[in-house]
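The structure appears below as structure tokens.
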Amino acid sequence: MLTDNMSTPKLSYVVFMFMLYAAALASACCDNFDTAGMNRKSFPEGFVFGTATSAYQVEGMTDKDGRGPSIWDHFVHTPGNIAGNATADVTVDQYHKYKEDIDLMKNLNFDAYRFSISWSRIFPNGTGEVNPLGVAYYNRMIDYLVEKVFAIQKTQKGQIGILLDFVWYEPLTRSKADNLAAQRARDFHIGWFLHPITYGEYPKTMQEIVGDRLPKFSDEEVLVVKGSLDILGVNQYTTFYMFDPPWPKSKDLGYQADWNVGFAFEKNGVPVGPRANSGWLYIVPRGLHGAVMYVKERYGNPTMILSENDLCSVCLLDKQGVSTFELYFTTS
């Protein structure tokens, strides 16, 4: 996937979540997992394997060292919102155990680490005064990353990017109506962001449906937004079938109502793919290929990071995970 051939997207940096390449971890620490003969030599030169985390899911210390509350804190502390009333108050305590995590990355020979920064840890009040303890934490973590794993060149050229989620949408049938429904879903899901960045305007579908409720770009804004992307991150988890709904169009105005589509998870009684451990998540390797090729062909073949892909495994070192990601690597 790393060639200049115009039939292939420019995946110059390919960063997957920690769990995605279970085979790599298994080969590093366990002998009883079959990696189907796959190793780093199975991939083109320059292919980058990495791990990723989300600050809220791993850091803990939600009300200490100056961190302010976020909307997620309120949500998870409301009984009934989260299974077992679990919270992120501690999670895996990366705030204190970041060195252990980074040592694991080094031992597993990862090439990259994508982490997020908790806004309310830096700005406890949302804006204004900066929390020095929060800044110090991220500095400590970055310093240790540089020391142990990822050497940083003396001169770095900054890149501007955006990370977007993109479910791959396929028409349920070959009808024109279902094809248009699938395209509406693509336009409203990822086109909402990539179309202005690439072309300086929202997709025509959105303009026609949303009408005056959709903001208009001024000439000055177009100059700022159009062509502003250096690198694109794509979270690609699953694939859905889309159909033109037979029911009357909703009179309620809103983002999801504007899609005006029906979702299906099977066709003629056959699921779109094996279901993983979440009700909405199906294992569909062709969807990863479809999403990447769609972005490549419609939005100017940007440099892409495949930033997330997972199947919500109950256990990290599981045979289903290894075989699933083998499918993704060999068929996408």
Checklist line | Identified side chain to side chain donor-acceptor pair (under 3.5 Å) partner of Tyr169 from the options Gln183, His189, Arg186 | finding: His189
Next item on the list: Answer yes or no: are there more than 12 heavy-atom neighbours, outside Lys216 itself, under 6.0 Å from its atom NZ?
Entry: yes
Next item on the list: Considering only Ile, Leu, Val, Met, Phe, Trp and Tyr, and joining two whenever side-chain heavy atoms are under 4.5 Å apart, list the other residues clustered with Val58.
Entry: Val92
Note to self: Contact between Tyr56 and Thr62 at the side-chain level, heavy atoms closer than 4.5 Å - yes or no?
What the structure shows: yes
Check: Got a second to check how far Ser228's OG is from Leu223's CG, nearest 0.5 Å?
Finding: 11.5 Å
Margin query: Test of understanding: clusters of I, L, V, M, F, W, Y form through side-chain heavy atoms closer than 4.5 Å, transitively. Do Val224 and Phe193 belong to the same one?
Written below: no
Checklist line | Listed partners of Arg174 passing side chain to side chain donor-acceptor pair (under 3.5 Å), at least two apart | finding: none
Notebook entry, point to check: Any side-chain heavy atom of Tyr98 sitting closer than 4.5 Å to one from Ile102?
Noted result: yes
Next item on the list: Sequence neighbours left out, what passes ring-ring contact (aromatic ring centres under 6.0 Å, His included) with Tyr144? Give chain and number order.
Entry: none
Note to self: Does anything in residues 73-86 form a salt bridge (Lys or Arg N to Asp or Glu O under 4.0 Å)? List the pairs, not counting sequence neighbours.
What the structure shows: Arg67-Asp73
Item checked: Set of residues satisfying salt bridge (charged side-chain N to carboxylate O under 4.0 Å, His left out) with respect to Arg121, sequence neighbours excluded -> Glu59
Margin query: With heavy-atom distances below 4.5 Å as the criterion, would you say the side chains of Ile197 and Val225 are in contact?
Written below: yes
Notebook entry, point to check: Does anything in residues 246-263 pair up under salt bridge (Lys or Arg N to Asp or Glu O under 4.0 Å), and if so which pairs, sequence neighbours excluded?
Noted result: Arg213-Asp258
Next item on the list: Kindly work out whether a path of hydrophobic side-chain contacts (I/L/V/M/F/W/Y, heavy atoms less than 4.5 Å apart) joins Val146 to Tyr137.
Entry: yes
Checklist line | Cluster link Ile190 to Leu163, ILVMFWY, side chain under 4.5 Å | finding: no
Check: Quick one: salt bridge (charged side-chain N to carboxylate O under 4.0 Å, His left out) partners of Arg184, sequence neighbours excluded?
Finding: Asp244
Next item on the list: For Thr53, enumerate each residue passing the side chain to side chain donor-acceptor pair (under 3.5 Å) test, keeping only those at least two apart in sequence or located in another chain.
Entry: Tyr113
Next item on the list: May I ask you to test the Asp89-Asp63 pair for a side-chain heavy-atom distance under 4.5 Å?
Entry: no
Notebook entry, point to check: When rounded to the nearest 0.5 angstrom, what is the spacing between CE in Met293 and CZ in Arg298?
Noted result: 13.0 Å
Notebook entry, point to check: Hey, any chance Leu253 and Leu214 share a hydrophobic cluster, counting ILVMFWY side chains that come within less than 4.5 Å of each other, even indirectly?
Noted result: no
Check: Are Tyr299 and Trp192 connected in the hydrophobic side-chain network, where two residues link if heavy atoms are under 4.5 Å apart?
Finding: yes
Note to self: Could you measure the distance from the CZ atom of Phe240 to the CZ atom of Phe265? Nearest 0.5 Å is fine.
What the structure shows: 5.0 Å
Item checked: Which residues share a salt bridge (charged side-chain N to carboxylate O under 4.0 Å, His left out) with Asp101, sequence neighbours left out -> none
Next item on the list: Go through the structure and list residues passing side-chain contact (heavy atoms from CB on, under 4.5 Å) with Trp119, not counting sequence neighbours.
Entry: Phe123
Check: Can you find a heavy atom in the side chain of Glu170 that is under 4.5 Å from one in the side chain of Arg286?
Finding: yes
Notebook entry, point to check: If you measure from CD1 on Ile162 to CG on Leu229, what distance do you get to the nearest 0.5 Å?
Noted result: 7.5 Å
Check: Rounded to the nearest 0.5 Å, how far does CG of Leu194 lie from CG of Leu232?
Finding: 5.5 Å
Notebook entry, point to check: Which residue pairs pass the salt bridge (Lys or Arg N to Asp or Glu O under 4.0 Å) test with at least one member in residues 132-141, sequence neighbours excluded?
Noted result: none
Compile the donor-acceptor pairs under 3.5 Å between side chains in residues 201-212 and protein atoms, sequence neighbours left out, one pair per line.
unit_1	atom_1	unit_2	atom_2	d
Thr205	OG1	Asp187	OD2	2.8
Gln207	NE2	Tyr202	O	2.6

